[in-house]
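In each ligand, atom 1 is the first atom listed, and ligand 1 is the first ligand listed.
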Amino acid sequence: MSQDIYPVPAGFAAGARIDASGYEAAYRRSLEDPAGFWAEAGRRLDWITPYSPGAVKDVSFGGPGAASGDVHIRWFHDGTLNVAANCLDRHLGPRGDKVAILWEGDNPADSRAITYRQLHAEVSRFANALLDLGVQKGDRVTIYLPMIPEAAVAMLACARIGAIHSIVFGGFSPDSLAGRIVDCGSKIVITADEGLRAGKTVPLKANTDKALDQAPGVETVVVVRRTGGRIGFQDGRDHWYHDLIAKADPVNEPAPQNAEDPLFILYTSGSTGKPKGVLHTTGGYLVYAAMTHEYVFDVRDDDIYWCTADVGWVTGHSYIVYGPLANGATTLMFEGVPTYPDASRFWQVIDKYGVTIFYTAPTAIRSLMREGEALVKTTSRASLRLLGSVGEPINPEAWAWYHKVVGDERCPIVDTWWQTETGGILITPLPGAIALKPGSATLPFFGIAPQVVDAEGKVLEGATEGNLVIADSWPGQMRSVYGDHERFVQTYFSTYPGKYFTGDGCRRDEDGYYWITGRVDDVINVSGHRMGTAEVESALVAHPKVAEAAVVGYPHDLKGQGIYAYVTLNAGEDPTDALKKDLVAWVRREIGPIASPDLIQFAPGLPKTRSGKIMRRILRKIAENEFGALGDTSTLADPGVVTDLIENRQNR
Ligand code: 6R9
């Protein structure tokens, strides 16, 4: 592990939002007096009815002493506000003509600049269109769109009328889309004719049509015309977005929402098979997304800020749309991929728009690093002043390359640790305040109380290693699993009663810096995307030739973790390469390309305990090529299977 320390660059500290002593004082205050701290922080938003001092924080994480099962989280709960008004209307005076969204298409010739005034006008019209279609407060609206400005318009239009959006990443299959539509009972889907990635089309409307065969509750589909490709159109059910916008009333008063009214649902993988609908609410989420965006990225009015995530993930929600727009920033939205037309695309886009703040994922950095320095050096990147990383631990080599080659050793890197569940960044450097150590997310943001615990829940002090929990709430925390509060309590508050369990392991060093070591549950991180191994397993066993499957992660140079699947076939089936290909295609179809197994091993038997539990620890070791240290195998029902698994291992 690297022990290099990169102090705050002098020039950066001078102009930064907050310096080291400022950070320490604010952090201390945020833990000593959370209600006071957040009451003040909440004033960064415009409230319709201000919250009262006694209603800032009302939280129970359950646990010892609490009424059994009582987990509730409320922030600012007697206040009302409107998220879209905070992201749009209040900027019209000071920044009406400032660019809100800079859009760079998949094709470098396609771009758009949308001012706050224009975005406000479009969102107002679409909000009215949704109302005309019968969408009401509290209704769930599924959004299945590519990275086009209409995605932000749809999100903000929902927020404006109090509808709850559920975005499904455009890379998910019809089956995955259907599952998410049915789980939250949405009656409307907003999609596009086709998406465009690296010059190829993605059949979003056709996927939606397939999904709707399994989701009969959907009455309305809104279709954005992106490519003009041929699609099926069902009169009565399907509506063109541009027709709705053209005939909608241009004036829409933002509807007041309670701070605890739901804002969105976002499905994420857990350690069990079915994705969870992570529920975020209105006031606390926006306060937290906006505040972290401002401090972590040290945002000023003249910044051109670019987060390369997709709005289908939480990073896109908080740090492409809600945080930046609440702060009146210019946010760049990119439709394409880092390697099209060639692997210098990111750097070209940075030069094209004068991007000052750039936020991406380690997997992208690693894949571009492989393409060599020359492609980066054909560009200037002189506008950059801050770099960010998110999604998985960043290995020190990638960190060093990002710092030296991309940032010319001028730009601090904020390595931001957080989760879909946390709504915003929890552990991160503040670039003017905290010295960097490559590979460490460094220190907690205001109001965040991380603890490292052992397997029994004992709190470990000082330099140590264990599981990461958060001892108290923060405003951006998820409130529930949509429609299943019991699952929320079980998943996050039962392992260590009274504490939020992150599912991550971590190390804390002698300076109190946190080093996230990765998931300690059956979740793997493939190119920064969360995948439940159980989800891939249930897709595999749904194949008619598969009897049983066990999926684990293994170290992968580019993806961080790859997907390794052990598959037992039904008696009489031939373990051929053609079948392997078929299984990969099958999983892509069932879940989506991000779930494609990298390696498949046909296994006549899986290592099981006598009670029938698959011993994943052993499967992980074999997949990692570390079968010299398998540990105790004496409890296996049939130790012989291990020899066969090792002999036929795929990761050599
Ligand atoms: C925002 C996001 C969350 C999981 C999280 C952890 C991993 C995210 C990280 C990181 C190390 C970082 N993770 N950021 N690990 N360093 N800077 O990625 O949300 O998709 O829910 O994934 O990603 O394992 O638990 P999500």
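- Protein residues are said to neighbour a ligand when one of their heavy atoms lies under 4.0 Å from it; for ligand 1 these are Val314, Thr315, Val390, Gly391, Glu392, Pro393, Asp415, Thr416, Trp417, Trp418, Gln419, Thr420, Asp504, Ile516, Arg519, Asn525, Arg530.
- Screening Trp38, Phe445, Tyr500, Trp418 for a ring-ring contact (aromatic ring centres under 6.0 Å, His included) with Trp474, the sole residue that qualifies is Tyr500.
- When the options Lys559, Arg530, Arg366 are evaluated for a salt bridge (charged side-chain N to carboxylate O under 4.0 Å, His left out) with Glu392, the one that passes is Arg366.
- Judged purely by distance below 3.5 Å, without hydrogens or angles, the side chains of Tyr267 and Arg180 never pair a donor atom with an acceptor atom.
- Asp106 is linked by a side-chain contact (heavy atoms from CB on, under 4.5 Å) to Leu196, Glu335, Tyr340, counting only residues two or more places apart in sequence or in another chain.
- Side chains of Asp303 and Thr356: a donor on one and an acceptor on the other come within 3.5 Å.
- For the residue pair Tyr144/Asn207, the side-chain donor-acceptor check at 3.5 Å is satisfied.
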